[in-house]
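Just so we're on the same page: letters track the sequence lines, and every chain starts at 1. Computed from a predicted model, the values in this text were never measured in an experiment.
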Amino acid sequence: MRARVGVVVFPGSNCERDCVKSLSQLGAETELVWHDDPVLPEVDIVVLPGGFAHGDYLRTGALARFSPIMQAVTDHAERGGLVLGVCNGFQVLCETGLLPGALHKNKGLKFMCKWTELRVDNAATPFTSRASTGSVLKIPINHFEGNWYCDPETLQGMRERDQIVLRYVDNPNGALDDAAGIVNENGNVFGLMPHPERACDELLGSEDGIVLLGSAIDHVLKTTPARV
Amino acid sequence: MTLREGLHRELGLTDDELQAIIERLGRDPSYTELAMFSVMWSEHCSYKSSRSHLASLPTEGPHILVGPGEGAGIIEVAPGVSVAWKIESHNHPSFVEPFNGAATGVGGIVRDILSMGARPIALMDPLRFGHLDDARTRYLVDGVVHGISSYGNSIGVPTVGGELVFEECYEENPLVNVACLGLVDGRLMSGRADVAGHSVVLFGSATGRDGIGGASVLASAEFDEHSHEKRPSVQVGDPLTEKLLIEASLELIRDDLVAGFQDLGAGGLSCPTAEMAAKSHMGMDLDLDRVHLREADMEPFEVMISESQERMLAVVEPGNVGAVLEICGKWGLEASAVGEVTSSGNIHVRLNGATVAEVPAESLADEGPLYDRPRRRPDWLDALQARAPGDDSRGDLEKAFLEVLGSPSVASKRWAWEQYDHMLFLGTVQGPGGDAAVLRLPGTDTAVAVTTDGPGRFCFLDPYEGAKLAVAEAARNVACVGARPVAITNCLNFGSPERPEVMWQFAEVVRGIRDACEALATPVTGGNVSFYNETQGRAIYPTPVIGMLGVLESAGGSVGLAFGSAGDALVLLGETRDDDFGGSEYAKVVNHTVAGRPPVLDLEAELRLQGVLIEAATRGLVRSSHDLSSGGLAITLAESALAGRIGFALRERGGQDHRWLFSESPSRAIVTCSGAALDEVLSLASDVGLPASTIGEVGGDALDFAVFALPLELATRTFEDALPSRLSATMA
């Protein structure tokens, strides 16, 4: 059995083919899903890729939440299905309300494309099971609005529930509590600014992204009854 | 209707050119016709001053599928794998409005690549500005880099390299060049309109009043104190639409719905209609009522020459028009069938059924004026070449080294390239900051190496030798990463062609490019000429920017510039001459001198060096490879040490210390290798008579030049902080 992954394409998305390539290398069955479609195909994992959905006009992710597919993505998440938002996908998840908080402009007010080190602070999620708590992953960022923020009460609760899964070792963008990747309360919706799909090939600088993408695939294979 | 006396001059046409138009038409042109001629016959679109010289460049080679004359050159890099490669300039708009000028420069070159049916997969941005002490320069640098970052990142095309050079001569005339690489994905497209009755579909952004006269008013005249009033001539970019245009265009081509394809850039709608029709010896009927407009009541001349961005023109079989409009609609793009191909040979434009222009397509596209402008060797050149090159020693070598290492043109450009997405498409094996970017082509193991070089100071001192040095360095950069140089695209940035001294520089540069490209077997696949880079009579240095493309059979076999392991041997390849200081970084930074003659290039020696570099990389013998250029041996060693975060120690010292360390003799490189591979590397060199010597080894945490040493940490700070600290004055 293979994990089935749907990668959503908004007008302005640009990392969808990279996600397909890296996930396929890990054995997943992938397909692109057009934003205008009100229904999802039969998939186990939904990926919202990086890019500039709807040009990021108004505010990053602000228009994408109104794309017809997002209701189906929300339903999938509420049924317990895995949802992974990378970079712009993370921003869309926050705007949609599937993840807490919001993403401001980087503290340096510049776009940043660079390698970062991320500490795994919760290895007990469907997206981090291949890591051990405290391990460090080398994965690049590529964003202008990656400075995650939420109100103090929300942060308090998230810390207690270990929802801040990945933290920057050297915070590049000013994110609250060094947060690079967070999960929802159920742990099945994961958003992160770094791009794991760009770190699946030693020739490009790192294979650490496989830890995150591979964990999600493992989770599907472990928890889904065999399909014919 | 009689045209106002002198109107043609306001549009940039001379009295003689107006006369030529009247002769071709056999009557006075209408207002719309005059506007169309003014853009199509502008220097920018017609190459009227440069064409006769460019004809001498070598353009053919076994791997060149398409040479100059289309949207971009096409080079076959492996059996069945072809790339598009092209460079453009957006100098004038970027000075007037840096953010949008630079952004729309990116948009323009991307559409050139797209017009060939290729997916744009990488950008490079060679940029030249004045001195960073000038507040306006800092504003320009920040605006241009932000414009490239904002637009390039949003359209999803990674920016994998470029240049950032600072020189006083660019203060009023910054150079914003941009190169784009595309991967041909299926059928190669061409700007043709072969069949009468085919429909002409315009799709993308609505046509507005932005960028009226960009080619004629902005790009084909020098600047004066009123240049800022030209801001309305600069176009405004919409990156989301460009991204959708890319996806929609590739889908149209994939579904085989397009017979001929061209972008709209300089010259607006006039350009692709005239060029496609002329190329096929056909005509086109256009109905301006069907053009989707941004604002109502636009004049027909405005519709014909508006340079609104993000538009493409497709020639389509009538039966396919519905499918084309549907795909555009899916991507949220407006599209309209605005006319059809005819056999009349004329571009016939109507509004409300009435003719507003009817002119032979060939008169617009092919029969523009051709000038053999007067050329004269500048009378100041002999005196300049006779002056001392600025090679005096200043005593304190460490101080001189840190000055050169921290000079903005040499220092780390991380400040700029970290603002660019340089990793998209999972192909960036080597990104910005090295000799050349190495890109693995999607779906293959083949990689290409791309780089740009444009040594303006050398060309100022001797345009012929400088141009040869530009081509040689670009090829050497590509050879350093292990790639075989195969083709160039060039962007020729000059002052006003109406001045004989500038035309002489231009002719000399073209001659230098020709000779170097012939010797190195790297034909020219196209490019761009940007004249009128001068303000109030002060011209820039003659600056040919060479975009070199190289090929690696295996993406995994590329070599970087970073030092690897302690104990590796440092091998200097090539011959160092003590007096190669004219136009050097040392002369400029330490002795504030730009004089004398540029370094002497021997193209045979250059070929031998490149052969050894490629062979050593292919056999996997070398751990690092880096050419010697700005700042000479000292800077090359420092850059490799900083990139590898490991020091080195020199054993050998040659001649006078500052000459040995800072001379810029070309055709040299530093390679490092393990002790086990050393003999084989040395014999590769000796087999072809290339001088090679082991001058030290990698290791430690100091840059130890034998005559002085300093901690790696100090060098790193100097190198990395130079740009951010100077730019933060305005950015804080």
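- Smallest separation of non-hydrogen atoms from A:Trp115 and B:Met423: NE1-CE, 3.6 Å.
- For the atom pair NZ (A:Lys21) and CZ (B:Phe425), the distance works out to 11.5 Å, reported to the nearest 0.5 Å.
- Minimum heavy-atom separation, A:Ser13 to B:Lys243: O-CE, 3.0 Å.
- A:Asp201 touches chain B through its side chain: at least one heavy atom from C-beta onward sits under 4.5 Å away, while N, CA, C and O do not.
- Contact annotation: the side chain of A:Cys113 never approaches that of B:Glu418 to less than 4.5 Å [non-hydrogen atoms, C-beta and beyond].
- With a 4.5 angstrom heavy-atom cutoff, B:Arg440 touches chain A only via side-chain atoms.
- Across all non-hydrogen atoms, the minimal contact from B:Thr428 to A:Leu204 is O-CD2, 3.6 Å.
- Under the 4.5 Å side-chain criterion, counting only non-hydrogen atoms from C-beta, A:Arg198 is in contact with B:Leu424.
- Heavy-atom minimum distance, B:Leu244 versus A:Pro11: CD2-CB, 3.6 Å.
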Between A:Tyr57 and B:Asp238, does the side chain to side chain donor-acceptor pair (under 3.5 Å) criterion hold? Intermediate values first, please. CA-CA 11 Å; A:Tyr57 290 144; B:Asp238 173 7; 2.4 Å; yes
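- The nearest pair of heavy atoms linking B:Lys330 to A:Trp34 is O-CZ2, 3.4 Å.
- Within the 4.5 angstrom heavy-atom criterion, no atom of B:Gln430 approaches chain A.
- Atom OG of residue B:Ser154 and atom CZ of residue A:Phe111 lie 8.0 Å apart, to the nearest 0.5 angstrom.
- Here the shortest heavy-atom pairing between A:Phe52 and B:Asn153 reads CE1-O, 3.1 Å.
- Atom-to-atom distance recorded for A:Cys15:SG and B:Asp421:CG is 7.0 Å, nearest 0.5 angstrom.
- From A:Arg17, atom CZ reaches atom CZ of B:Arg119 across 3.5 Å, with rounding to the nearest 0.5 Å.
- Against chain A, the residues from residues 144-152 of chain B that qualify, each with a non-hydrogen atom under 4.5 angstrom away, are B:His146, B:Ser149 in number order.
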